[in-house]
Amino acid sequence: MTDSPYPHLLEPLEISGTTLRNRVIMGSMHTGLEDRAKNTDRLAAYFAERARGGAGLIVTGGYAPDRTGWLVPFGAKLTHRFEARRHRRITSAVHAEGGRIALQILHAGRYSYQPLSVSASSIKAPINPFRPRALTGRGVRSVVRHFVRSAKLAQEAGYDGVEIMGGEGYLINQFLSARTNKRRDEWGGSPENRRRVAVEITRRTRDAVGPDFLISFRLSMADLVADGQTWDEIVALAREVEAAGASLINTDIGWHESRVPTIVTSVPRAAFADVTGKLAQHVSIPVAAANRINTPDVAEDILARGDAQLIAMARPLLADPEWVRKAERAQPDRINTCIACNQACLDHAFVNKHVSCLLNPRAGRETELVLLPTRRSRTIAVVGAGPAGLSAAVGLARRGHAVTLFEAHAEIGGQFGIARRIPGKEEFAETIRYYTRELEELDVDVRLGTRASATDLREYDDVVVATGVAPRVPGIPGVDHAKVLTYAQVVRDGAPVGARVAIIGAGGIGVDVAEFLTTDRSPTLDLAEWKREWGVSDDESAPGGLTTPVPSPSPREVFLLQRKTSRIGVGLGKTTGWVHRAALKAKGVHEWTGVAYDRIDDDGLHVTLDEGRTRRTLEVDSIVLCAGQESVRELVDELEASGTNVHVIGGADVAAELDAKRAIEQGTRLAARL
Ligand code: FAD
Ligand code: NAP
Ligand code: SF4
């Protein structure tokens, strides 16, 4: 144990007759592949890759114990033997790689997106149009039986255990909380009655599966909603599920309807590990910490100080299936660290698209997107070290091609290098670190500070043009005034910005720049400050763990403008857009829509509003352009004319609706093909 780079993280653990080879749980993430039988082999390959990468225990996405518990109509469920037989392909694939796997049983309750939904009481969730039917006493008892039936079927299918989803605001959590449980029978009223369904399910499951089968209980450590459970109720629940036979407690925090962010990139790393530590003191079974834990160092620290005995991570193992192996080899700097953007995982899950990863487009596509060693190594120039060029260069070098990477700037990253300077997006620097290390390891010839010309590129078998985008300068009269700056000048180059600012363009970058200009804090995220800003209470008597938010004041007055009349920020990610909108509101950013830009002069920015009825002059010191992007493609025509094999990817290909997800996927797919 003393030679281990991460002695606590990599230490095996014996629970309920099962040995976990280390303390890493791949937490449950619904990929969408669970919902259709035809995707079973894809799902098996996805889990097998994570087992091969060393995960100690994998937990599947949620399977409903009956149709009322479906997440979506005809979604994943485990109710019949024939379904269990199919799962054997998954469990065998994971066991063949030395892994362990548990099936999560999830009854969505009032989060079920269908008219058959049920809950403790008939109270509609703010995030679901369907009002649930209140279960009768008989109905509750049959839901308990259905959980047990799914657990037995999981055991028959070869799973090493089950996880009972008792958090995140799903059915069991709806019974636990006074917010959603208004019953007057034995399943409601007193905290003890509200806990009964969780405890009965755990106890009867243990009776049915015997002692040598893992039962993880997923427990909400704070509901982060009004009238949520109190701390005493949560501690009592943890103790009672332990007594009822749970092997471990896996934690989570916040309901889906909660207005406190818990997993987006602006949440400080391991923000809730201290709460896990407090809970762990009250039980003797192992407790897993979760949420915003993405590096071996952070995980090791939590375990070393005794805040938890296990670490649950879902997204970090999507981003890098070899996360554990790299920790074992003492190479944490080679991990492709999850940046908590949610763009290809949760944002997909919430719109019923298959889950993948912005950084690792192979996630969920292991059988389809394969980078095999090449049989004919070629010399390939990649021009531009933004996300598109980096993913292409690394993928091509991994396949055995001789790659030269040209980058005009002194550092790699492209627009991602600007993104990482936005407060709350500090994680994006990890991606640049990862690519820096991979380029070194793969012996890519990196030429920084070198703007490639067509002449420089003639000698290569293939040229990949990944020259990206440049900020658009709109044709507003006076746009060349000294008070006008591009977002790149402001964020990357540190150009001084005055006390009153207008931002032209309110897309993803405009919103980010508004946060940049209204935030006055050190580059590292401070947990106490973050809790204060979002109203997260450490007071044990606060129901739901909430208090009144106290935003830090903005150092500037900011006007965020767009020509469209739609609400600002509607185009942002489903799981992150609301966080940005709430942050802008807290900072008092003025949001103007339906704006026509007339001219810029010494007085400021002259605009017309209300469909031409109102003229205004915004007396601002600075105007920042965030008016979209244009492709940088000068090289393409010249190279094509000279007969070079040219491949254009990322922003250089199409600037509209470009994001890093598309840039990296295009780079990876090209690398797989060439
Ligand atoms: P670029 O990133 O533009 O990279 C192109 C590179 O090519 C540059 O480094 C450039 O210097 C180099 N180059 C150009 N010409 C030459 C030449 N002739 N020779 C050598 N080198 C050359 N996307 C997301 O998905 N999620 C986000 O949260 C997000 N946030 C963002 C926040 C900000 C503030 C910004 C600015 C962008 C953000 N983006 C985000 C967008 C994302 O960064 C871009 O979509 C992505 O970087 C585009 O990748 P690319 O490789 O196509 O182009
Ligand atoms: P964008 O989302 O397309 O927004 C461009 C903005 O500029 C819009 O508000 C547009 O609004 C305005 N605009 C366009 N042409 C203009 C013109 N000629 N004059 C004045 N205004 C004009 O692009 P972006 O903000 O530059 O972001 C680039 C990409 O990075 C996006 O695809 C985005 O997805 C990605 N990104 C993502 C995130 C994230 O959090 N996921 C964050 C940052 C960036 P009007 O036309 O209404 O004026
Ligand atoms: Fe992490 Fe973003 Fe990948 Fe999701 S898409 S796993 S949040 S890096």
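All values below come from the heavy atoms of this structure, side chains included, with hydrogens, waters and symmetry mates left out. Just follow the structure's listing: the first ligand is 1, and inside any ligand the first atom is 1.
The single protein non-hydrogen atom nearest to atom 18 (N) of ligand 2 is R563 NH1, 3.7 Å, given as residue, atom name and distance. Scanning the protein heavy atoms around atom 21 (N) of ligand 2, the nearest turns out to be A627 CB, 3.6 Å. The shortest contact between atom 37 (C) of ligand 1 and any protein heavy atom is with I509 CD1, 3.8 Å. Of the protein's non-hydrogen atoms, the one nearest atom 19 (N) of ligand 2 is P474 CB, 3.4 Å.
Comparing A454, C341, P387 against atom 47 (O) of ligand 1, the shortest heavy-atom distance belongs to P387.
Between Q343 and ligand 1, a contact under 3.5 Å exists for at least one N or O pair. For ligand 1, none of its N or O atoms has an N or O atom of L635 under 3.5 Å away. Considering both main-chain and side-chain atoms, A660 comes within under 3.5 Å of ligand 1 through a nitrogen or oxygen pair. Between A452 and ligand 1, an N or O atom pair is found at a separation short of 3.5 Å. Taking any N or O of F428, backbone or side chain, none lies under 3.5 Å from an N or O belonging to ligand 1.
Residue contacts with ligand 1, taken as heavy atom pairs separated by less than 4.0 Å, involve A419 via backbone and side-chain atoms alike. By the criterion of a heavy-atom distance under 4.0 Å, the backbone of E657, and not its side chain, is placed next to ligand 2. With a 4.0 Å heavy-atom cut-off, ligand 1 is reached by the backbone of A466 but not by any atom from C-beta on. Using a 4.0 Å cut-off between heavy atoms, E634 makes no contact with ligand 1 at all. Contacts of C626 with ligand 2, taken as heavy-atom pairs under 4.0 Å, involve the backbone alone. With a 4.0 Å heavy-atom cut-off, ligand 3 is reached by the backbone of A340 but not by any atom from C-beta on. Contacts with ligand 1 closer than 4.0 Å are made by side-chain heavy atoms of D512 only, the backbone lying farther away.
Side chain of Q666 to main chain of I649: no donor-acceptor pair is present (N/O by atom type, distance under 3.5 Å, no hydrogens or angles).
Aromatic rings of Y597 and H606 (six-membered ring for Trp) have centroids beyond the 6.0 Å cut-off, not under it.
Not a single heavy atom of F516 lies less than 4.0 angstrom from ligand 1. The closest approach between L358 and ligand 1 falls below 4.0 Å for a heavy atom of the residue. The closest approach between V383 and ligand 1 falls below 4.0 Å for a heavy atom of the residue. Using a 4.0 Å cutoff on heavy atoms, V513 does not count as a contact of ligand 1. Residue contact annotation: A506 has a non-hydrogen atom under 4.0 Å from ligand 2. Ligand 1 has K425 within reach: a non-hydrogen atom of the residue lies less than 4.0 Å from it.
Atoms of ligand 1 lying under 4.0 Å from any heavy atom of G414, numbered from 1 in the order shown and given with element: 2 (O), 4 (O), 8 (C), 9 (O). Within ligand 2, counting atoms from 1 as listed, the ones closer than 4.0 Å to a heavy atom of L658 are 29 (C), 30 (O), 31 (C), 32 (O), 33 (C), 34 (O), 35 (C). Listed by number with element, the atoms of ligand 1 under 4.0 angstrom from any heavy atom of V469 are 3 (O). Each of the atoms 52 (O) of ligand 1 lies under 4.0 Å from some heavy atom of G651.
For atom 40 (C) of ligand 1, the protein comes within 4.0 Å by no heavy atom at all. For atom 3 (O) of ligand 2, the protein comes within 4.0 Å by no heavy atom at all.
Coordination check, C357 versus atom 1 (Fe) of ligand 3: failed, since every N/O/S atom of the residue sits at 2.8 Å or beyond.
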